[in-house]
Amino acid sequence: MEALLKVQNVEKIYGKGDAQFHALKNISFEVEQGEFVGIMGPSGAGKSTLLNVLATIDSPTNGEIIIGQDNIAKMKDEQLADFRRDNLGFIFQDYHLLDSLTVRENILLPLAISKVNTKEINARVEEIAAAFGIKELLDKYPYQISGGQKQRTAASRALITNPKLIFADEPTGALDSKSATALLESMSKLNVELDATILMVTHDAYAASFCRRIIFIQDGKLSKEMFRGTQSRKQFFQQIIDELGQLGGGMHDIV
Ligand code: ADP
C-alpha cells in the first residue's frame with residue numbers, strides 16, 4: 001500500500017553560525033492510511049519540532065515531506081495555508097474554543113466557510129459528536145462543560161472536515177485520567193471505525209498505549225519503533241513502560 005505520509009531525510013537546524021542547533025537529524029519514516037502512531041521521547045528530543053514540520057507549522061531545513069501526492073516541504077506559505085485547511089486536523093493541549101459559540105457552532109466552524117450544505121453539515125456534526133460522546137452537549141457553551149468535554153469538542157472540530165491526517169500534540173496533557181481515557185477511546189474508535197490517520201506526540205505511556213505503533217526520538221534522531229501487534233492495550237502499556245525503563249537516563253521524565 002502507498003504511504004499517506006512519507007518523511008525523507010528531514011533535518012531541522014535552528015539558528016545560524018555558532019548558535020546553530022540541529023534539532024532533527026536525518027529523520028525518515030512512513031505512515032500508512034489508517035495508522036494511529038505515537039511519538040515519544042525525552043524533553044528536548046525534537047518531538048514538537050517534528051510535529052510542527054509535519055503539520056506545516058514550521059518548515060524543515062532539508063528533506064522531503066510528502067502527504068498524499070503533495071511535497072509540503074516545497075510549498076509556499078499561501079499554498080500551505082490552503083493545504084492545511086483542506087487536508088489536516090489539529091488537536092492541541094489547550095482547546096482554542098470560541099466562548100461565544102455553542103459546542104455545535106464551534107465544531108462546524110471549519111465548515112462554515114466551505115460549500116457543504118446545511119443538512120450535510122448537521123448530519124456530520126451529529127455523527128462526530130456521537131463518536132466523541134458529546135451529542136447531548138451540542139447546544140451548551142464552553143463555560144458550561146468540563147475540560148474533558150472541551151477537549152472532545154476541539155477534537156470533533158479537528159475532524160469535521162474529514163482531514164487526511166490528524167496531528168495531536170499532548171492532547172491529554174491538561175485532562176484528568178477519566179477525561180483522558182474518554183478522549184483516547186474516542187480517538188481509537190475514529191481510527192478503527194472511520195479509518196482516521198492520527199499522529200500523536202505524548203509524554204504519557206498510558207496515552208501512547210492506545211496507539212498501534214510508537215516512534216521514539218532521542219537527540220533529534222529516530223531511536224526505536226514499537227508495534228502493538230496483537231497485544232492488548234494493557235500489554236502494550238507494559239511494553240512501553242519497560243522500553244522507557246531500558247532507555248533510562250534521559251527518558252526518566254517521560255513516565
Ligand atoms: P521536545 O518537543 O521533544 O521537548 P523540541 O522539539 O521542543 O523538543 O525541541 C528540540 C530542541 O530544539 C531543544 O533542544 C530545543 O531547545 C530546541 N529548539 C526548539 N525550538 C527552537 C527554536 N525556535 N530555536 C532554537 N532552538 C529551538
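Because only heavy atoms are used, hydrogens play no part in the values below, and waters and symmetry mates are left out as well, while side chains stay in. One-based numbering, in listed order, for ligands and for the atoms of each.
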Taking only heavy atoms of [X], which atoms of ligand 1 are found under 4.0 Å from at least one of them?
| X | value |
| --- | --- |
| Ser43 | 4 (O) |
| Pro42 | 3 (O) |
| Ala23 | 12 (O) |

In terms of its nearest heavy atom to atom 5 (P) of ligand 1, the top option of Thr49, Asp219, Val201 is Thr49
Looking at Lys47, His203, Glu170, the heavy atom closest to atom 3 (O) of ligand 1 belongs to Lys47
Exactly one of Ile121, Thr102, Ile134, Leu101 clears side-chain contact (heavy atoms from CB on, under 4.5 Å) with Ile107, and that residue is Ile134
inquiry  = Below 4.0 angstrom, counting only protein heavy atoms, does anything approach atom 15 (C) of ligand 1?
reply    = no
If the plane angle is over 60° it's perpendicular, under 30° parallel, otherwise tilted; pick one for Phe237 and Tyr206.
-> perpendicular
For this session: On the 0 to 90° scale, with breaks at 30° and 60°, tag the Phe90-Phe92 ring pair as parallel, tilted or perpendicular.
Result: parallel
**Message:** Below 3.5 Å, N or O to N or O, backbone or side chain included: is there any such pair between Phe21 and ligand 1?
**Reply:** no
Could you tell me whether Ala45 and ligand 1 have an N or O pair separated by under 3.5 Å? yes
Practice prompt. Without swapping roles, check the side chain of Thr61 against the backbone of Ile13 for a donor-acceptor pair under 3.5 Å.
Written response: yes
TODO: For the pair Lys47 (side chain) and Gly41 (backbone), establish whether a donor and an acceptor sit closer than 3.5 Å, ignoring hydrogens and angles.
DONE: yes
Identify whether the distance between the nearest side-chain nitrogen and carboxylate oxygen of Arg213 and Glu35 falls below 4.0 Å. yes
